Amino acid sequence: MPDHDQSLWLKTCREHVESHPLTDDLTVDLAVIGGGYTGCSAALTAARSGASVCLLEAQDIGHGGSGRNVGLVNAGLWLPPADIRARLGDEAGDRLIALLATAPAEVFDLIEQNGIDCAPVRNGTLNLAHSALGLRDLQKRHGQLSATGAPVELLSAPQAGRRTGSAAFHGALFDPRAGTIQPLGYVRGLARAAAGAGAQIISHCPVETMQFDRGIWTLKTQQGTVRAKSVIQATNAYHQGLTASSPDYVPIYYFQFATSPLPEEIRAGILPGGEGCWDTGLIMTSFRLDTEGRLVIGAMGDLGHAGRSVHRAWIRRKLAELYPQLAAQPLTEGWHGRIAMTLDHIPKITQIGPSALSVHGYSGRGIAPGTVFGRLMAESLLQNDLSKLPVPVASEYRENWTGLRRAYFEAGATLMHLVKTRF
């Protein structure tokens with residue numbers, strides 16, 4: 001396995017889910033393709049409703065972005081409320097804003113109800129202004145979010161400094177609804193809970209073809225066949241095969257590095273409140289502590305190509321810029337994951353056939369929205385009521401120049417990191 005697949009979360013995950021091979025043909029009410037947040041949430045919802053459900057994952061549960069992300073459980077999308085309404089219309093926009101405002105609470109409730117061992121810390125998150133321009137953006141977001149009833153707080157530069165332990169920021173937007181988790185532990189805990197409710201969890205079993213005939217979907221794998229009344233395809237940025245239902249998106253890579261556990265005298269002055277953070281930079285930086293005191297810091301970039309050394313050198317410089325006391329701290333694990341980015345940064349649900357839905361495009365906000373989308377997609381199919389979906393369903397979704405745009409983002413991230421490392 002490449003070293004950029006060896007994440008800290010894989011090393012420290014304490015959740016385990018039993019997966020059984022597909023040894024015979026199955027017939028179920030709902031088949032779920034993809035073992036990330038959306039798929040596992042859908043499987044749990046369906047199983048608890050009394051439906052028969054089978055989840056098929058091509059790798060291990062949480063192999064994709066669900067097991068590789070930063071672990072920030074945020075409310076809402078990247079977009080401020082006005083932009084969401086502009087793209088969806090006022091009625092659909094307000095509904096999505098309201099649904100995702102309570103999404104972190106849904107995540108933390110599921111963790112508590114199911115005893116999921118994923119180090120939950122519900123102390124909020126900080127969106128940090130990297131410049132005066134970034135602060136103006138946060139001021140706009142604060143006004144719009146406050147108007148929706150969100151309990152967000154705009155912090156001054158000194159307040160942000162006290163919260164982070166860093167003098168690098170012009171201010172911050174604090175959201176007390178949010179928090180951090182061990183992201184792989186959460187998705188595996190969801191899968192364990194789904195299995196406990198009766199769902200069949202089958203990993204290392206990629207779906208090769210799916211076909212609808214006379215009211216039944218037939219999903220064929222090398223291990224066997226699953227027949228289902230309804231299907232949810234929740235593969236997001238880790239879609240493989242199934243070219244007829246391949247979603248359109250720009251695959252963006254996001255990498256992270258972790259320090260060793262910090263000495264207590266250093267750790268005490270960094271994020272003393274336990275918030276997770278990201279900044280307003282065009283090439284965003286995120287950072288947080290895990291429960292053992294490692295600082296996890298990341299940014300946009302692919303560690304699987306020639307830019308790896310550039311990204312690593314930049315992260316060392318960024319770490320020292322934020323926290324000079326960490327300049328000599330070694331970086332241990334380095335890993336990356338893929339994000340499915342849509343042009344308007346709003347997740348897409350498409351109807352890929354009768355009683356079959358596909359979702360993708362969380363654009364880096366997968367934990368809480370994925371949990372909510374999975375639940376509502378399962379409910380809508382089992383109750384034959386598409387009005388329950390969090391966004392309007394589309395018959396298809398297309399984007400142009402996705403490969404070119406992916407290359408543009410990666411080249412831009414690598415160039416910016418190279419320039420900032422050298423100058």
Side-chain angles (χ1 to χ4, degrees), residues 17-22 25-67 110 186-212 216-221 223-242 245 247 347 349-360 362 366 369-384 388-390 393:
V17 55
E18 292 289 339
S19 174
H20 303 284
L22 181 60
D25 292 349
L26 292 177
T27 300
V28 294
D29 295 316
L30 176 66
V32 179
I33 306 171
Y37 301 125
T38 303
C40 291
S41 174
L44 175 60
T45 299
R48 286 192 168 164
S49 75
S52 57
V53 56
C54 172
L55 185 149
L56 299 160
E57 163 58 41
Q59 303 289 336
D60 291 311
I61 297 298
H63 169 82
S66 296
L110 283 169
Y186 174 57
V187 69
R188 287 187 176 175
L190 284 179
R192 173 181 56 77
Q200 299 190 59
I201 308 296
I202 301 170
S203 60
H204 296 278
C205 188
V207 176
E208 297 179 337
T209 64
M210 52 188 292
Q211 187 174 18
F212 184 78
I216 294 293
W217 284 95
T218 299
L219 283 59
K220 292 187 177 179
T221 77
Q223 298 179 19
T225 298
V226 175
R227 294 179 175 84
K229 297 176 184 176
S230 300
V231 174
I232 291 175
Q233 181 181 322
T235 50
N236 203 37
Y238 285 80
H239 184 85
Q240 66 180 67
L242 291 176
S245 58
I349 296 178
T350 55
Q351 186 152 20
I352 54 177
S355 299
L357 299 172
S358 176
V359 60
H360 77 283
Y362 294 112
T371 300
V372 171
F373 272 57
R375 172 177 61 81
L376 292 176
M377 289 172 72
E379 291 176 356
S380 71
L381 287 174
L382 294 173
Q383 298 171 23
N384 194 27
K388 299 179 73 69
L389 293 172
V393 65

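All values reported here derive from a predicted model rather than from experimental measurement.
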For P390, enumerate each residue passing the side chain to side chain contact (heavy atoms under 4.5 Å, CB included) test, keeping only those at least two apart in sequence or located in another chain.
-> L96, L99, I349, F373, L376
Flag the pair I202 / Q223 as yes when at least one side-chain heavy-atom distance between them is below 4.5 Å, and no otherwise.
-> yes
Heavy-atom distance under 4.5 Å between the side chains of L357 and L381, does that happen here?
-> yes
Sub-3.5 Å donor-acceptor pair from the side chain of S19 to the main-chain atoms of S203, do we have one?
-> yes
Has the side chain of Y37 got a donor or acceptor atom that lies under 3.5 Å from a matching backbone atom of S66?
-> yes
At what distance, to the nearest 0.5 angstrom, does CG of L22 lie from SG of C205?
-> 5.0 Å
Do the non-hydrogen side-chain atoms of W217 and P354 ever get within less than 4.5 Å of each other?
-> yes
Measure the CD-NE2 distance between E57 and H204 for me, rounded to the nearest 0.5 Å.
-> 8.0 Å
Pairing residues for T27 by the side chain to side chain contact (heavy atoms under 4.5 Å, CB included) criterion, not counting sequence neighbours | R227
Partners passing side chain to side chain contact (heavy atoms under 4.5 Å, CB included) against A194 (at least two apart in sequence or in another chain) = A43, L44, A199, I201
Report the distance from atom CD of Q211 to atom CG of L219, rounding to the nearest 0.5 Å.
-> 10.5 Å
Would you call Q233 and H239 a side-chain contact if the rule is heavy atoms closer than 4.5 Å?
-> yes
Any L110 side-chain heavy atom under 4.5 Å of Y186 side chain | yes
Report the residues that fulfil side chain to side chain donor-acceptor pair (under 3.5 Å) with H20, sequence neighbours left out, ordered by chain and then residue number.
-> none
Do any N or O atoms from the side chain of S355 and from the backbone of S230 form a donor-acceptor pair under 3.5 angstrom?
-> no
Mind checking side chain to side chain contact (heavy atoms under 4.5 Å, CB included) for S52 and listing every partner two or more places apart, or none if nothing turns up?
-> V28, D29
Does some side-chain heavy atom of T225 sit less than 4.5 Å from a side-chain heavy atom of T218?
-> yes
Do K229 and I216 touch side chain to side chain, with heavy atoms closer than 4.5 Å?
-> yes
Only residue of I232, I33, I61, V17 satisfying side chain to side chain contact (heavy atoms under 4.5 Å, CB included) with L55 is I61
Which pairs, with at least one residue in residues 374-383 and sequence neighbours excluded, count as a side-chain hydrogen bond (donor to acceptor under 3.5 Å, both in side chains)?
-> E106-R375
Pairwise distance OG1(T38) to CE(M377) - rounded to 0.5 angstrom | 7.0 Å
